[in-house]
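These notes concern the structure reproduced below.
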Amino acid sequence: MTKEPIIQLNHIDVTFHNKGQTVKAVQDVSLEVARGDIYGVVGYSGAGKSTLVRVINRLQRPTAGTVTVNGQNILALRSSELRAARKKIGMIFQHFNLMNARTIADNVDYPLKGSGLSRKERHDKVARLLDLVGLSEKAQDYPAQLSGGQKQRVAIARALANDPEILISDEATSALDPKTTSAILELLKRLNKELGLTVVLITHEMDAVKEICNKVAVMEDGAIIERGDLVSIFSNPQKPLTRDFINTATQIDQALEKIYKQAKGLGLDDHHQLVQLKYVGASTDAPLITELFKRYQVVSNILYGNVEILQDTPLGNLVVVMAGEPDQLEQAWQYCRDAGIQLTFLKPKDPEVA
Amino acid sequence: MTKEPIIQLNHIDVTFHNKGQTVKAVQDVSLEVARGDIYGVVGYSGAGKSTLVRVINRLQRPTAGTVTVNGQNILALRSSELRAARKKIGMIFQHFNLMNARTIADNVDYPLKGSGLSRKERHDKVARLLDLVGLSEKAQDYPAQLSGGQKQRVAIARALANDPEILISDEATSALDPKTTSAILELLKRLNKELGLTVVLITHEMDAVKEICNKVAVMEDGAIIERGDLVSIFSNPQKPLTRDFINTATQIDQALEKIYKQAKGLGLDDHHQLVQLKYVGASTDAPLITELFKRYQVVSNILYGNVEILQDTPLGNLVVVMAGEPDQLEQAWQYCRDAGIQLTFLKPKDPEVA
Amino acid sequence: MSIFAKYFPNAVTMKSDFLQATWETIYMTLITAIVAGVIGMAIGIGLIVTQPGGILENRVVYNILDKVVNLFRSIPFVILLAVIAPVTRIIVGTAIGTTAAIVPLVIGSAPFYARQIQNALTEVDHGIIEAAEAVGSGPIAIIFRVYLREGLADIIRSSVLTLISLIDLTAMAGAIGGGGLGNLAINVGYSRFESDVTFLAMLIILVLVFAIQLLGDLWARRVDHTA
Amino acid sequence: MSIFAKYFPNAVTMKSDFLQATWETIYMTLITAIVAGVIGMAIGIGLIVTQPGGILENRVVYNILDKVVNLFRSIPFVILLAVIAPVTRIIVGTAIGTTAAIVPLVIGSAPFYARQIQNALTEVDHGIIEAAEAVGSGPIAIIFRVYLREGLADIIRSSVLTLISLIDLTAMAGAIGGGGLGNLAINVGYSRFESDVTFLAMLIILVLVFAIQLLGDLWARRVDHTA
Amino acid sequence: GKSASSSKTVKVGIMGTDEKIWNPIKTKLAKQGINIKLVTFTDYNQPNAALSNHEVDLNSFQHRYFMNTWNKAHKTHIVALANTYLAPLRLYSKKIKNVSDIKKGDQITIPNDATNEGRALHLLESAGLIKVNDKVALPTPKNITQNKLNLKITPMDAAQTPRSLSDATAAVINNEFAASAKLNAKTALAREKVNKASKPYINIIAANKSDKNNATFKKIIKAYQTEATKKNIEKAYDGLSIPAWNLKLK
Ligand SMILES: Nc1ncnc2c1ncn2[C@@H]1O[C@H](COP(=O)(O)OP(=O)(O)OP(=O)(O)O)[C@@H](O)[C@H]1O
Ligand SMILES: Nc1ncnc2c1ncn2[C@@H]1O[C@H](COP(=O)(O)OP(=O)(O)OP(=O)(O)O)[C@@H](O)[C@H]1O
Ligand SMILES: [Mg+2]
Ligand SMILES: [Mg+2]
């Protein structure tokens, strides 16, 4: 938070009225995005994510609250000023919103009109952008001829055309295969590193969040219920929803379910305990499982494991069956706790019920 | 392949002509889906997935090839027969294709018109379906008032309205948060188990594939380049593309990159080797790491790990630093190989370059 | 009433004429709207479904409809009056008078409306049609439950346009003794230099036009759920 | 020529009349189309951008435009001819003749075209307008680069419709000595029972109508990239 | 333009059928260096408007009565320079041979332009079919005071009246349209009386008052009022119209 905030949303409300019905899509949301952040916004479908980010460039006027972008009070800008401000904010729409009557190249070229670039420069820039998203071959095609993912890539190229300072990406990679997704995320990360591009990334792919975000906000029912830097959110989620998201992302819930189903076969007893180990950072460097055996003759069998590196910090999540003498097991657990590892003892339910 | 095939595509070609330009979207694809399969179709954006599945219910007439669904030659059906056949094939479109002039409830009700159900029965069924996708509250809203994910859920409910025998799902969960995605996938799986629903699932989310598919086909440039049952594809991919997909899904590529970056700090030498271990099935039950220490005093430090359970078969993917005497290490590796574990020795590149 | 009499010296004596002319205009417009509406709608839909890529693609039918529409749109209304007099006589028993005027009015406005409908339905998203096809909807269902429903807002807007043009067209009905407000304005008011009559007749037309536009706009907005 | 003379006994002697009438029709239609096109387009765009929710939302301007369009659409063409004669005289120096007919033709067709344009542009996806707004496009850019471009296919189709209606309307130009094919068909052919003249005049109109429709359809299909 | 007297080009506003009468005169005058330009109208209101705005120099389409009404309504000063012909209206039928065959409830169509409508009603009155309020100079169907046969009188476009014969029992038809429709005058059920009362209905050549004494116009009138024109009128209107410059009305 030492970095200067480039986007400041203060107490934003957005309420929709439709035939007497009122939908409070966003309620009292405040959000501060620092220059150079890649800020992930996650939340269930319908949580208000799209509505919230549309407030940033005033595509959606909030019912209440203030919006400051780059030091400017966005809600007070006159139209010409707003236009100038918008040129610095690239936006990728959830539904692409490509112009059907223009070729792919023309769509990407659109924001460059009136940018002062020469025809040649524009042409080159468009070619570069299309190359970046792997659509050089489709330059002269029309949106209707593209696959879903191809359309999304055009939208990405268009949003980057103006060399924006801020990029708002609303599910920009949701229709993309993992490879293309990675490539796009890499690109964003590079632009972020090299040019200081600030990114607000709405996504439901926790993998994407893990891969490039440094901060995350979690939305539910129009409000931000949790926020913070990536590692702390992932290692220590406070709200059940956040935990849900992370668990679903690491698939630990499904894994546990499967493990429970096989529980009978695991022969659990006093000597065999099912334990979930969670650790952040350093713990990975000490060879934990070997250590437990060396010290306490506890044998750990990994049933499920997920060790990953977030923002250069490893994050471990293991489900193991620990086997050993009961007292040795106790000592092993204490060792784990002392090493800062979070222990959860899992009690398989009756598999028939689960 | 013992089960009766419900969908048979034989040597399908689809070619688009646009102003002299020719796009071969699908080329000589044959595909057999057995009754009760949940068949995943993955591939890069633009590979021809959507085009291929549109052939199944003849929304897209193939340029060449034959289509047999439920024993019927789909391409030879008269329109009334085709309509009857289509009623048994639910379809979720990549772009939702909701009717803007109808409420959500009406959209879901649409396929039930003329189904012979009474008004009351239809109403109840619609209510149940909307409840299933968590949109009961939005029943009287119009698509324009929904968020992206909500629209997608309406499309899912509509596709299920007719109790189809086959469900074609084109990126049905791509706009959904992980929790909703899981719920939808669970639902499909349940329908599959309980009612024998056959599902063709286009997706780019390998997690979804892992979660519910029993078979997978991988498409590239209009052709299926690899296919088979889930575990064999995941444990033993033949084509680089397939490997890419799986790796990106398990994020092993990114993990490796990060590990390489830290390689200098790992102090690798004769006594410390960076190894990637991959194993399928049983191996997990034997507490590998403890075993290696017990037998050869080799200490394994897990830098990255991913052990998951696919179709009740565990699949492990670990990156470890093994520490020990060189000859002991050799023996440990042999032990691993004998246990059916795939070993890859990783040589970190110069971190400056990587 | 005295002020009215002062500014409308001629019109004041013509209350019954105005009532009758208003009734005639409404009568002609309404009946024509219904008949031409049905015919134009049918042809417009026919054009949409039989066009290349349509749900009942049929080059021959499409071309016939297309050419017939153009043909009838090429005939000046006054000539249409004469050319179809025999048809009119068969249908309504006479070729003169208010009711007789309806036949040429229908033939004069149906092709126009057909084009309007065609243009309106062209805008219905092809993906939505496919979604209906995918659940096994037949052509009839797609026409009534998808095209007409999804295109409704645009159809209403086009209908308003046609209806207002139709009121204009009824002025020509005077040529065959059809009467109506347009005729009152032209052949009574304008020809006899009784400008107050012209003015009042036009005022009533204006009220009709505004009412149609207003109701149409409200209705269109009501059924337009796209934004 | 003898066969022609046989079937067109009157028309055969009227070659120059036909040439002139054809020219008059084309001349009136063309000039009117250009002028009414620009005016109607401007008003139609004005209606779209100032409507509630439009990019330059303005209740007052919208209501004025909306009401003016309705007002002019309410006036029967023959009366329009007379009412605006003084204006015509100011603009073209005379209130009679082919050129003078253009003024009422413009006023008669521009409001109609404005509504057509309004209807056509209503169909442009709001999301696309937002995308343009998001990259900082101003109203002018959005009108010319988005509305007119995205709505082009529909605008062409509406223009064809208007143009054909306009040819029909030029038949009325005869009232003020404007001539044209419609006048030839009605006041020479039809009124004098010289049906060959009527027939030939209509045939030429038909050719014009078909040509416009054909070219319009081709062009619209060319710029329509939605499917 | 305004200086028509010094100009050798004269614009004459006429209605369609009169072209056949004016064309030979035009040819003749061309030899005298007077260039006639005919402007054809289809709306009775336009030629006078054009005349008073000097867009035409003369017009030849109306009778005196129409001119006087016009002058009153529009505060213009149009004057008659010369008589042309008298075009008595006739009542025609395809269904019956005599006025007496007209039955209760029959339909009779009449022209709907103001003057012809009034004249048509007077014609029906003189044929003993109806009575109209004689205080009204140009009556409309509203001014019918007695309609024993309960006739349905339908005003319509003058050009349509011949065609209405297929539907109506009888129709009052202008000469120009009767001639076009090749109706035989001898079969007419009734004809407008040609007497002193017809005087206002004699067609005229009219000009603005300021041009009353225009020398060129006099030449034109002289060229019009010839035997050749007389023959032309009889030919063009199948003898239905009566050349009126020498006509003595009793
Ligand atoms: N109507 C069309 N005209 C021309 N080319 C088309 C058309 N539809 C699809 N294509 C092309 O066919 C190829 C396959 O498209 P398809 O939509 O099947 O891809 P996909 O595998 O579903 O991709 P995605 O994952 O991005 O949805 C693409 O290159 C696309 O550009
Ligand atoms: N124009 C509108 N009128 C009424 N309600 C609306 C409108 N737009 C959005 N909403 C409602 O506001 C809520 C938030 O919508 P929003 O699009 O911001 O969700 P989201 O978080 O982006 O969801 P998703 O992940 O599915 O895209 C939803 O319940 C939606 O139904
Ligand atoms: Mg959203
Ligand atoms: Mg696709």
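By convention in this document, chain letters (A, B, ...) are assigned in the order of the sequence lines, proteins followed by strands, and residues within each chain are numbered from 1. Please read these numbers as outputs of a predicted model, since none were measured by experiment.
- Interface remark: E:E19 contributes side-chain atoms only to the contact with chain D (heavy atom separation under 4.5 Å).
- The 12-atom threshold is exceeded at CZ of D:F18, counting heavy atoms of other residues, nucleotides or ligands nearer than 6.0 Å.
- Inspection of non-hydrogen atoms places D:R89, D:G93, D:T94, D:A95, D:I96 of residues 88-105 of chain D under 4.5 Å from chain E.
- Heavy atoms of E:N53 lying under 4.5 Å from chain D belong exclusively to its side chain.
- The 12-atom threshold is not exceeded at NZ of E:K212, counting heavy atoms of other residues, nucleotides or ligands nearer than 6.0 Å.
- The environment of NZ in E:K142 is crowded: more than 12 heavy-atom neighbours from other residues, nucleotides or ligands sit within 6.0 Å.
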Identify every side-chain donor-acceptor pair in residues 203-214 of chain D under 3.5 Å, counting partners at least two apart or on other chains, and give the distances.
residue, atom, partner, partner atom, Å
D:Q213, OE1, C:R115, NE, 3.2
D:Q213, NE2, D:D217, OD1, 3.3

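- Within residues 23-52 of chain D, no residue has any heavy atom less than 4.5 Å from a heavy atom of chain E.
- Around CD1 of D:I140, the count of heavy atoms belonging to other residues, nucleotides or ligands within 6.0 Å does not exceed 12.
- Taking a 6.0 Å sphere around NE2 of E:H74, one finds it holds more than 12 heavy atoms contributed by other residues, nucleotides or ligands.
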Considering only distance and modelled atom types, tabulate donor-acceptor pairs under 3.5 Å from the side chains of residues 31-39 of chain E, sequence neighbours left out.
none

